[in-house]
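For reference, the structure discussed in these notes is given below.
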Amino acid sequence: MQFKRTMITFLGLATAALAQAQGTWPTKPVTLVVPFAAGGPTDVVARTLAASMSQSLGQTVVVENKLGAGGNVAANHVAKSPADGYTFFIHHNGMATSTALYRKLQYDAMKDFEYVSQAVEVPMTLLARKDFPANNFNELVTYVKANKEKINLATAGLGAVSQLCGMMFQRALGVQLTEVPFQGTGPAMNALLGGQVDVMCDQTTQTVPQIKAGNVKLYGVTTKSRVKVLPQAPTLHEQGLKDFEVVVWHGVYAPKGTPKAIVDRMNVAVRAALKDPAVVKRMDDLGAEIVEDRTNTPEALQAHLKAEIDKWGPVIRAGGKFAD
Ligand code: MLT
């Protein structure tokens, strides 16, 4: 059985190497794994890039949502996938924060992947259901402090940026709310719209349309400066949560051992997508910022991931919330 699996992997890699040598990769659809639910913010970024990359690669880039454990089911799946150039992964800050949040991760973010490119940076927003009693940030702080035992905070689980931002908010206020984990903020947003949960931090790539339609209450953005797409929204920092900052960054990865020529070709495809006017417009409309070209190299992504692991480790350990 083991021999058969090894042979299949070997043949897959040999075929990939041949296709690469002949300059023919990709000869079939390429999978881009997304670690959270369809329809949510990571999925929106992935599908926008995939549509553009499908054109430049001449093969469909198929988005596959693999859910669970705050993104870690997908990360582990990709780490163990064949390094044949047909599996890629898009993930955000969770690739760095999970290292500190989980005691027994089955993959190593710094050893089990090839680094393709960074993509976009996305602000977060602090929201509540439409009929939540607090009408502005000051009222929110007062209400949350007075009613902490009955407030639900929606998150996408440990490893998700919604959880990280929610944890920082609770810590800033010195409260502990009831966290309700979903398999992505897509379903969490549905629960917020349906009034089943009270508050949530989520990325503008999902929240801008709901804010503009008046379906949720908005208390502020998590960037240090206001964001162009929501100019009326003050930052949490300027409203008194000093130095509160969460910016969601995205990286594209491949399983360790994916041939360098394929990683480089994929890097070119991601960079081309980030310059595609349709992608630029969609990202602009949703408040996402396309990262500068110089940070889109495999080396820059690897260095950024390392810096983020070093940055968030102490913050997370001080929070004292871990999972196995
Ligand atoms: C998602 O795509 O559902 C979000 O990125 C999850 C999260 O909050 O990290």
Side-chain angles (χ1 to χ4, degrees), residues 16 19-20 23-66 71 74 78 81 84-93 95 113-123 184-186 203-209 227-229 247-255 258-301 304:
Q20 173 203 345
T24 54
W25 176 90
T27 57
K28 59 178 186 178
V30 170
T31 298
L32 181 61
V33 176
V34 169
F36 297 105
T42 316
D43 187 69
V44 165
V45 171
R47 284 178 201 271
T48 306
L49 292 176
S52 178
M53 290 192 296
S54 297
Q55 287 177 16
S56 67
L57 290 172
Q59 283 285 348
T60 308
V61 177
V62 181
V63 170
E64 185 182 330
N65 302 83
K66 272 220 167 285
V78 174
S81 292
D84 60 1
Y86 290 94
T87 302
F88 291 86
F89 183 38
I90 183 162
H91 199 1
H92 57 35
N93 312 44
M95 192 75 163
F113 297 90
E114 301 294 340
Y115 306 92
V116 178
S117 177
Q118 288 195 65
V120 292
E121 290 187 345
V122 185
T185 53
Q203 297 160 67
T204 58
T205 29
Q206 165 157 266
T207 64
V208 163
V227 301
K228 207 172 66 187
V229 74
V247 177
V248 184
W249 58 275
H250 296 78
V252 178
Y253 305 84
T258 301
K260 181 163 177 355
I262 291 179
V263 170
D264 289 347
R265 178 75 186 83
M266 190 66 172
N267 175 275
V268 170
V270 174
R271 293 168 95 121
L274 294 173
K275 292 194 170 65
D276 178 342
V279 173
V280 172
K281 169 146 187 6
R282 178 123 174 88
M283 291 297 112
D284 216 39
D285 289 347
L286 295 175
E289 202 170 303
I290 289 169
V291 298
E292 283 178 38
D293 213 31
R294 68 183 163 74
T295 63
N296 287 345
T297 61
E299 297 74 26
L301 171 58
H304 186 64

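Predicted model, so just to flag it, every value in this text is computed and none were measured. Counting begins at 1 with the first residue of the sequence.
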In Å and rounded to the nearest 0.5 Å, what is the [atom1] to [atom2] distance from [X] to [Y]?
X	Y	atom1	atom2	value
L57	T60	CG	OG1	10.0 Å
H304	T295	NE2	OG1	8.0 Å
S81	F113	OG	CZ	9.0 Å
T204	E289	OG1	CD	10.5 Å
Q118	L274	CD	CG	10.5 Å

Check each of V78, T31, V33 against K66 using the side-chain contact (heavy atoms from CB on, under 4.5 Å) test, and report the only one that passes.
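Single side-chain contact (heavy atoms from CB on, under 4.5 Å) partner of K66 among V78, T31, V33: V33.
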Using the side-chain contact (heavy atoms from CB on, under 4.5 Å) definition, which of the options V229, T48, V122, T205 pairs with L286?
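Filter result, single survivor: T205.
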Considering only heavy atoms from C-beta outward, does the side chain of [X] approach that of [Y] to under 4.5 Å?
X	Y	result
V44	R282	yes
V270	N296	no
V45	I90	yes
P35	T42	yes
Y86	T258	no
K228	D284	yes
V34	E64	no
Y115	T297	no

Strictly distance-based, threshold 3.5 Å: is any side-chain N or O of [X] a donor or acceptor partner for the main-chain N or O of [Y]?
X	Y	value
Y253	S117	no
N65	F36	yes
H250	A119	no
R265	W25	no
S54	V61	yes

For [X] and [Y], which heavy atoms make the closest approach, and how far apart are they?
X	Y	value
F89	A74	CE1-CB, 3.7 Å
N93	V248	OD1-CA, 3.3 Å
N267	V116	ND2-O, 2.7 Å
L301	G251	CD1-CA, 4.0 Å
A273	M53	CB-CG, 3.9 Å
E114	P255	CG-O, 3.4 Å

Start with the C-alpha distance between L49 and V279, add both sets of side-chain angles, then the distance that settles side chain to side chain contact (heavy atoms under 4.5 Å, CB included), and finish with yes or no.
CA-CA 7 Å; L49 292 176; V279 173; 4.1 Å; yes
With a sphere of 6.0 Å drawn around CD of Q59, does it hold more than 12 non-hydrogen atoms of other residues, nucleotides or ligands?
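Yes, because the 6.0 Å sphere around CD of Q59 holds more than 12 heavy atoms from other groups.
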Test K281 against D285 for side chain to side chain contact (heavy atoms under 4.5 Å, CB included), laying out the working first.
CA-CA 6 Å; K281 169 146 187 6; D285 289 347; 2.6 Å; yes
Under the side chain to side chain contact (heavy atoms under 4.5 Å, CB included) test, which residues partner V247, sequence neighbours left out?
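Once residues adjacent in sequence are excluded, the partners of V247 under the side chain to side chain contact (heavy atoms under 4.5 Å, CB included) criterion are E121, T223, E245.
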Derivation and outcome, side chain to side chain contact (heavy atoms under 4.5 Å, CB included), residues V280 and K275:
CA-CA 6 Å; V280 172; K275 292 194 170 65; 5.7 Å; no
Is it the case that the ring center of H92 lies less than 6.0 angstrom away from the ring center of W249?
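Here the rings of H92 and W249 have centres that are no less than 6.0 Å from each other.
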Qualifying salt bridge (Lys or Arg N to Asp or Glu O under 4.0 Å) pairs, either residue in residues 24-44, two or more places apart
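Pairs touching residues 24-44 that pass the test: D43-R47.
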